Engineer: 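Pasting a structure here, questions to come.
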Amino acid sequence: MSLGKENNGTCERSIYVNNPHLDYMKDDILYHFNLATSSHDLPAMFGDVKFVCVGGSPWRMKSFTEYIAKELGLEDPNAEYPNICAGTDRFAMYKIGPVLSVSHGMGIPSISIMLHELIKLLYHAHCTEVTVVRIGTSGGIGLKPGTVVVTKQSLDSMFQPRFEQHILGKPVVRSTELDGELTEELLQCSKELAEFETVIGNTMCTLDFYEGQARLDGAFCSYTEEDKQSYLAEAYAAGVRNIEMESSVFAAMCKLSDLRAAVVCVTLLDRQKGDQLTSSHDVLNNYHQRPQTLVGHYIKKKLNAFKKC
Ligand code: R2B
Ligand code: URA
């Protein structure tokens, strides 16, 4: 499918998939969503989607849907929000109006499977003008816990803005560039809300929570506190303000499919001060809601602007 689709004389931004084999498939089974083109009317189910929010936990993605329903005035006290992916426990998916909310589990392999199927779903549903935001948690560097970071660039563990994957046994490097305008719009939303600190910064994406993030509290550790601190200082000098585990492949895959994308993660602790998550359940819960609140405000603002057009 081509990049832009002519529609009533206007060029709408479509979802781009780059796979000639898809054209020859009679059915496309989105196995981890328990959906398929032959058994589900994907355009009817998802054709109106304009915003997709993805996050690690199924529970949090359901709570995001409940929150956004209230914010958009689409709440129905008698309605349950059914998990569209019921029938599989791999991922959970909820929809309210033009907002789709999908869980992706932890780490690059898990989110990458979800994104392949999500991108095909949006493509089969003929969606246009879709914005995708990952809302999540992270460890901060030099920031007060609870600060929200909107990612400027997703960097690998050597502080390069790239995502490397092996395809047919060969390394393929992809760009992790995100949408600069969307990043700035999200920062502006945070200023309007004035509820918590938000910064724009680079995000380091790692393959592991423990050794990959220079923690001293894993089952194995072959470095000293000084080694850890000097690595985190190097990261800070490269503009890294937080560390998480999915942003690189998220940025790379959204860029390949021409999806407007952003990453918004709250920092749960300052990694220069420790490794363990010692804050109370209530404090962590409050932090978890911050990316949701920010993205909720952004969606509401955009939808109000659409209505005025
Ligand atoms: C943030 O938090 C998770 C690890 O606790 C991981 O999915 C991530 O990116
Ligand atoms: N998620 C991460 O990946 N790292 C942290 O330190 C906290 C949350």
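Given the structure is predicted, the values throughout are model-derived calculations rather than measurements.
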Engineer: So, the side chain of Asp258 versus the backbone of Tyr16: is there a donor-acceptor pair under 3.5 Å, distance only?
Structural biologist: no
Engineer: Kindly say whether Gln213 contributes a backbone atom to a donor-acceptor pair with the side chain of Thr206 at under 3.5 angstrom?
Structural biologist: no
Engineer: Dump the intermediate steps for side-chain contact (heavy atoms from CB on, under 4.5 Å) on Met204 and Asn242, then the final yes or no.
Structural biologist: CA-CA 6 Å; Met204 180 161 75; Asn242 67 337; over 6 Å; no
Engineer: On a heavy-atom basis, which atom in Val132 and which in Cys254 lie closest, and how many Å separate them?
Structural biologist: CB-SG, 4.4 Å
Engineer: Quick check: closest heavy atoms across Pro171 and Glu164, and the distance to 0.1 Å?
Structural biologist: CB-OE2, 3.6 Å
Engineer: Okay, side chain of Lys255, backbone of Ser257: is any donor-acceptor separation there less than 3.5 Å?
Structural biologist: no
Engineer: Please find out if less than 6.0 Å separates the ring center of Tyr236 from that of Phe159.
Structural biologist: no
Engineer: Taking atom CD as the centre, does Glu181 end up with more than 12 heavy-atom neighbours from other residues, nucleotides or ligands that are less than 6.0 angstrom away?
Structural biologist: no
Engineer: Quick check: do Leu100 and Tyr94 have side-chain heavy atoms less than 4.5 Å from each other?
Structural biologist: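 Side chain of Leu100 against side chain of Tyr94, heavy atoms only: no contact under 4.5 Å found.
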Engineer: More than 12 non-hydrogen atoms from neighbouring residues, nucleotides or ligands closer than 6.0 Å to CG on Leu74, yes or no?
Structural biologist: yes
Engineer: Between atom NE2 of His124 and atom CG of Asp28, what is the distance when rounded to the nearest 0.5 Å?
Structural biologist: 3.5 Å
Engineer: Closest heavy-atom contact between Phe250 and Ala261?
Structural biologist: CE2-CB, 3.9 Å
Engineer: Pair Gln289, Val266 - check side-chain contact (heavy atoms from CB on, under 4.5 Å), show working.
Structural biologist: CA-CA 9 Å; Gln289 276 158 21; Val266 67; over 6 Å; no
Engineer: Less than 4.5 Å apart, any side-chain heavy atom of Val130 and any of Phe51?
Structural biologist: no
Engineer: Count the heavy atoms of every other residue, nucleotide or ligand shown that sit under 6.0 Å from NZ of Lys152, and state whether that count exceeds 12.
Structural biologist: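 12 or below, so no.
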Engineer: Is it the case that over 12 heavy atoms from other parts of the model lie below 6.0 angstrom from the CZ atom of Arg90?
Structural biologist: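 Atom CZ in Arg90 is not packed in, count stays at 12 or less.
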Engineer: For the pair Asn83 (side chain) and Met93 (backbone), establish whether a donor and an acceptor sit closer than 3.5 Å, ignoring hydrogens and angles.
Structural biologist: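 Yes; judged by distance alone, with no hydrogens or angles, the pair exists.
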Engineer: Compute whether any side-chain donor of one residue and acceptor of the other, for Asn34 and Thr88, lie under 3.5 angstrom apart.
Structural biologist: no
Engineer: Looking at Lys70, I'd like to know if its NZ atom is crowded, meaning that more than 12 non-hydrogen atoms belonging to other residues, nucleotides or ligands lie closer than 6.0 Å.
Structural biologist: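 Atom NZ in Lys70 is not crowded, with 12 or fewer foreign heavy atoms closer than 6.0 Å.
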Engineer: Can you get from Val54 to Val150 by hopping between Ile, Leu, Val, Met, Phe, Trp and Tyr side chains that sit under 4.5 Å apart?
Structural biologist: no
Engineer: Just so I know, are the side chains of Thr137 and Cys265 near enough to count as touching, which here means a heavy-atom distance under 4.5 Å?
Structural biologist: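 Answer no - side chains too far apart.
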Engineer: Quick one: salt bridge (charged side-chain N to carboxylate O under 4.0 Å, His left out) partners of Asp156, sequence neighbours excluded?
Structural biologist: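 Here the qualifying residues are Arg162.
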Engineer: His297 side chain to Thr293 main-chain N or O, any donor-acceptor pair under 3.5 Å?
Structural biologist: no
Engineer: Hey, any chance Leu232 and Tyr223 share a hydrophobic cluster, counting ILVMFWY side chains that come within less than 4.5 Å of each other, even indirectly?
Structural biologist: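 Unlinked, Leu232 and Tyr223 end up in two clusters.
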Engineer: What's the spacing between Asn19 CG and Tyr24 OH if we round to 0.5 Å?
Structural biologist: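 Reported value, rounded in 0.5 Å steps: 10.5 Å.
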Engineer: Measure the OH-CZ distance between Tyr231 and Arg271 for me, rounded to the nearest 0.5 Å.
Structural biologist: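 Output value for this atom pair is 10.5 Å.
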Engineer: Taking Asn202 for the side chain and Gln153 for the main chain, is one N or O donor matched with an acceptor at less than 3.5 Å?
Structural biologist: yes
Engineer: So, the side chain of Arg215 versus the backbone of Phe209: is there a donor-acceptor pair under 3.5 Å, distance only?
Structural biologist: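 Confirmed, Arg215 side chain pairs with Phe209 backbone.
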Engineer: If you count heavy atoms of other groups shown closer than 6.0 angstrom to CD of Glu177, is the number above 12?
Structural biologist: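 No - once you tally the heavy atoms of other residues, nucleotides and ligands closer than 6.0 Å, there are 12 at most.
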Engineer: So Val295 and Val264, do their side chains get closer than 4.5 Å, heavy atoms only?
Structural biologist: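 When only atoms from C-beta onward are counted, Val295 and Val264 do touch, with a gap below 4.5 Å.
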Engineer: Given Lys228 and Asp275, is the salt bridge (Lys or Arg N to Asp or Glu O under 4.0 Å) satisfied, shown in steps?
Structural biologist: CA-CA 11 Å; Lys228 165 193 159 176; Asp275 296 329; 2.7 Å; yes
Engineer: Are Leu35 and Leu115 grouped together when hydrophobic residues (ILVMFWY) are joined by side-chain heavy atoms under 4.5 angstrom apart?
Structural biologist: yes
Engineer: Using the rule that Ile, Leu, Val, Met, Phe, Trp and Tyr join whenever any side-chain heavy atoms are under 4.5 Å apart, tell me whether Met253 and Leu122 fall into a single cluster.
Structural biologist: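 Same hydrophobic cluster.
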Engineer: Does the side chain of Gln188 come under 3.5 Å of the side chain of Glu184 through a donor N or O and an acceptor N or O?
Structural biologist: no
Engineer: Would you indicate whether the side-chain heavy atoms of Ile119 and Val17 approach each other to under 4.5 Å?
Structural biologist: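 Yes. Closest side-chain heavy atoms under 4.5 Å.
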Engineer: Just so I know, are the side chains of Leu155 and Thr203 near enough to count as touching, which here means a heavy-atom distance under 4.5 Å?
Structural biologist: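 The answer is no; the side chains never approach within 4.5 Å.
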Engineer: Does a side-chain heavy-atom distance below 4.5 Å link Val52 with Val102?
Structural biologist: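 When only atoms from C-beta onward are counted, Val102 and Val52 do touch, with a gap below 4.5 Å.
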Engineer: So, Thr37 versus Asp27: side-chain donor-acceptor pair below 3.5 Å or not?
Structural biologist: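 Yes, a side-chain donor-acceptor pair sits under 3.5 Å.
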Engineer: When rounded to the nearest 0.5 angstrom, what distance separates CG in Asp227 from SG in Cys221?
Structural biologist: 8.5 Å
Engineer: Treating Thr147 as the side-chain partner and Leu143 as the backbone partner, does any N or O pair qualify as donor plus acceptor under 3.5 Å?
Structural biologist: no
Engineer: Does the pair Met61 and Thr65 meet the rule for a side-chain contact (heavy atoms from CB on, under 4.5 Å), with working shown?
Structural biologist: CA-CA 6 Å; Met61 297 326 286; Thr65 299; 5.8 Å; no
Engineer: Answer with yes or no whether the side chains of Ser63 and Glu66 bring together a donor and an acceptor at under 3.5 Å.
Structural biologist: no
Engineer: Taking the side chain as C-beta and beyond, is there a heavy-atom pair between Met106 and Glu246 under 4.5 Å?
Structural biologist: yes
Engineer: Using a strict cut-off of less than 4.0 Å between a Lys/Arg side-chain nitrogen and an Asp/Glu carboxylate oxygen, indicate whether Glu185 and Lys301 qualify as a salt bridge.
Structural biologist: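 No, no charged N to carboxylate O under 4.0 Å.
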Engineer: Between Arg13, Lys302, Arg260, which is the residue that forms a salt bridge (charged side-chain N to carboxylate O under 4.0 Å, His left out) with Glu129?
Structural biologist: Arg260
Engineer: Is there a continuous path of hydrophobic side-chain contacts, each under 4.5 Å between heavy atoms, that joins Leu121 to Ile96?
Structural biologist: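 Result: no, two separate clusters.
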Engineer: Quick one: closest heavy-atom pair of Ser112 and Val249, and the distance?
Structural biologist: CB-CG2, 4.0 Å
Engineer: side-chain contact (heavy atoms from CB on, under 4.5 Å) with Asp282: which residues, sequence neighbours excluded?
Structural biologist: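 Here the qualifying residues are Ser280.
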Engineer: Rounded to the nearest 0.5 Å, what's the gap from CE on Met45 to CG on Asp41? Could you check?
Structural biologist: 8.5 Å
Engineer: For the residue pair Ser190 and Leu294, what are the closest heavy atoms and their distance?
Structural biologist: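 Looks like N-CD1, 3.4 Å.
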Engineer: Taking atom types as modelled, find out whether Ser154 and Thr176 have a side-chain donor-acceptor pair closer than 3.5 angstrom.
Structural biologist: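 Side-chain D/A pair, Ser154 to Thr176: absent.
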Engineer: When you measure from the side chain of Gln229 to the backbone N and O of Gln272, does any donor-acceptor pair fall under 3.5 Å?
Structural biologist: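 Flag set: sc Gln229 to bb Gln272 pair under 3.5 Å.
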Engineer: If you measure from NE2 on His32 to CG on Leu118, what distance do you get to the nearest 0.5 Å?
Structural biologist: 14.0 Å
Engineer: Take Tyr210 and Leu216 through the test side-chain contact (heavy atoms from CB on, under 4.5 Å) and record every step on the way to the result.
Structural biologist: CA-CA 7 Å; Tyr210 289 98; Leu216 300 169; over 6 Å; no
Engineer: If you look at every heavy atom in Ser103 and Phe91, which pair is closest and at what distance?
Structural biologist: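 The pair with the smallest heavy-atom distance is O-CD2, 3.2 Å.
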Engineer: Using a cut-off of 6.0 Å, state whether more than 12 heavy atoms not belonging to His166 lie near its atom NE2.
Structural biologist: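 Yes.
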